[in-house]
There are 2 protein chains.
Amino acid sequence: MNLPPVIQAFVLHFGEMGSRWGINRTVGQIYALLYVSPEPLCADDMVDRLGMSRSNVSMGLKELQSWNLVRLMHKPDDRKDYFTTLGDIWQIVRTLVEERKKREVDPTLSVLRELLMQNPAMADEQHAQDKMREMYEMIEMLCGWYDDVRRLETDRLIQLLSLGAKVQKILEVKDRLFALPGGRSKASAEKEG
Amino acid sequence: MNLPPVIQAFVLHFGEMGSRWGINRTVGQIYALLYVSPEPLCADDMVDRLGMSRSNVSMGLKELQSWNLVRLMHKPDDRKDYFTTLGDIWQIVRTLVEERKKREVDPTLSVLRELLMQNPAMADEQHAQDKMREMYEMIEMLCGWYDDVRRLETDRLIQLLSLGAKVQKILEVKDRLFALPGGRSKASAEKEG
DNA sequence: CACATATTTCAGAAATTTCTGAAAGTTGAG
DNA sequence: CTCAACTTTCAGAAATTTCTGAAATATGTG
C-alpha cells in the first residue's frame, strides 16, 4: 500500500468492516479510498495505492457500481474511467440502506408472505407460522416507517434525529392541549392518520 | 434435514441471510429453528433436525450465546442443556441492534476519533480528515438518536414508528400554535431541549 | 472413585470466497 | 481497418471460513 498513514488506517479499517458486512475486504478498501479522495481516481491509481491486482480493482468497482455507491466519470482528452463516491454522507447512508433493504429485507418479506399462505399440517407448523407472522408484522412496520422517513429532506431528517425520543414528550404535551373531555380530539385524529 | 416443509424453508432462508450478515449459515439455521420452536431444544434435537454435526451445533450455540440471542435452560431431572430464543421479536431486534452497534459502530467511532487527532501532513490528509469528520458526526448523530429511542418501552416505540414522518407535521402545527411574534416560544425552547 | 452422560475443543478436511495473470473484449484515433 | 490504450472476463491459485470426527473435558450419580 502506498498511502499517507491516516488514509491507510482508514482504508484498512473499512476493509475489515466491509468483510463483516456482505461487502468484501477489497471492495471496502476501494470505497474508503474513493471516499476520502479529493479528486476522482482511475483504476490504475487504485492499483498503485492499494497494491491489489488490476482485475481485482475492476471487479470491485463493478460491485460498487451495482450498489449505486460510485459514479463513473470522464476527464476531457482522457480515455480512462474515473470514479468518485456519490453525494454527501447522508446520501451515502440513504443509498446503503435502500440497497440493503432491496437485497435483504424485501426477499425476506416475500419468503415470509409465501410461507404464511401455506396450510399448517401440524401443531408445530401452526406455531411456527404464528412466530413468522409476528416477524413479518414487525418488518412491515419498520419498512413503513422507513418509507416515510426516507422522503424527508436531509435537514428535516437531521432535525428529527436530534429530537430523538423527545418527540414523545411533545406528543404528550400536544395530546393534553387538544384533549377534549370524552371526545376524539383533533390531535388524536391526526395521530391516527 | 428433518423438518416440516414450512419450517425447513424458513430455516434455509435464514441460513442464507445469516451468511450475508456476519453470522454464518449454520448459526442462522440454528437460530431460525429455535425461533419457531414451541419448546426449548437440546443440541441433539438440532443435530437431528438440521443434519449438522454435534460439534458444529455446539459452536453455533456458543456464538449465539455471545450475541445474547439465546438462553440456556434446564429441565427438571434432565442433565441436557436446552435452549430458547430470548424475548419477543422487538426484544430480539433490540438485542441485534445493540450487539451490532457494539461490534461494528463503536470500534469505527473510536478509529475515527483517533485518526482525527493526528496532525495532517499534507493537503490530501487534510481533506481526508474533513471527510472522516463528516462521517464521524453523522454516526454520532445516529447513535444519539438510537440512544434516546432504545429507552422507549416497546409500545411507545411502536407508536412512534407508526407515526413515521407525520411527526414533522405535528411539529409544524405545534410551532405555529406556540409561535409568539418575535419571541422565543415555549415550543422552540422545548425543541432545543 | 468409577461410570455414564453431556459438552467442548481442536486439528485437519471440505467448501467457499477472494484474488491474480493471461487472454479476450472494447473503443477512439489516425 | 489497424493500432494503442484501456477494461473486463475467467480459470485456476491462494486464502479464508466452515465443518467434522475424535479426543479431551466436565458433571452428576451411585
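This one's a predicted model, so the numbers in the text were calculated from it and none came from an experiment. Each chain gets a letter, A, B and so on, in the order its sequence line appears, and its residues count up from 1.
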Novice: What is the distance from CG of B/L72 to P of D/dT27, rounded to the nearest Å?
Specialist: 13 Å
Novice: Over all heavy atoms of both residues, which pair between B/C42 and B/K80 is shortest? Give the atoms and the distance, please.
Specialist: SG-CD, 3.5 Å
Novice: NA contact type, B/D81, heavy-atom cut-off 4.0 Å: base, sugar-phosphate, or nothing?
Specialist: sugar-phosphate
Novice: What is the separation between atom CD1 on B/I23 and atom P on D/dC19, rounded to the nearest whole Å?
Specialist: 13 Å
Novice: So, OP1 or OP2 of D/dT7: does either fall under 4.0 Å of a side-chain N or O from A/K62?
Specialist: no
Novice: If the threshold is 4.0 Å, N to carboxylate O, is there a salt bridge linking B/K131 and B/E134?
Specialist: yes
Novice: Atom CG of A/D78 and atom P of C/dT27: how far apart are they, to the nearest Å?
Specialist: 17 Å
Novice: Tell me whether A/H13 contacts the main-chain N or O of B/V111 through its side chain, where contact means a donor paired with an acceptor under 3.5 Å.
Specialist: no
Novice: With the threshold set at 4.0 Å, does a side-chain nitrogen-carboxylate oxygen contact exist between B/K102 and B/E98?
Specialist: no
Novice: Tell me the interatomic distance from A/N56, atom CG, to D/dC10, atom P, rounded to whole angstroms.
Specialist: 16 Å
Novice: Of all the choices, D/dA5, C/dT20, D/dG28, which nucleotide is nearest to the side chain of B/R79 once you look at every atom?
Specialist: D/dG28
Novice: Atom CG of B/L50 and atom C1' of D/dT20: how far apart are they, to the nearest Å?
Specialist: 16 Å
Novice: Could you please name the option among D/dT7, D/dT20, D/dC10 that lies closest to any side-chain atom of A/S55?
Specialist: D/dC10
Novice: Can you check the A/W21 CH2 to C/dT18 C1' distance for me, whole Å?
Specialist: 21 Å
Novice: Do the side chains of B/D148 and B/R151 get close enough for a salt bridge, i.e. N-O under 4.0 angstrom?
Specialist: no
Novice: Under 4.0 Å between a side-chain N or O of B/S58 and OP1 or OP2 of C/dT7?
Specialist: no
Novice: Within the 4.0 Å heavy-atom criterion, would you say B/R54 contacts the bases, only the backbone, or no part of the nucleic acid?
Specialist: base
Novice: Does a side-chain N or O from B/N24 land closer than 4.0 Å to OP1 or OP2 of C/dT16, or not?
Specialist: no
Novice: Output the rounded distance in Å from CE (A/M52) to P (C/dG21).
Specialist: 13 Å
Novice: Tell me: CG of B/D77 to P of C/dA4, nearest whole Å?
Specialist: 20 Å
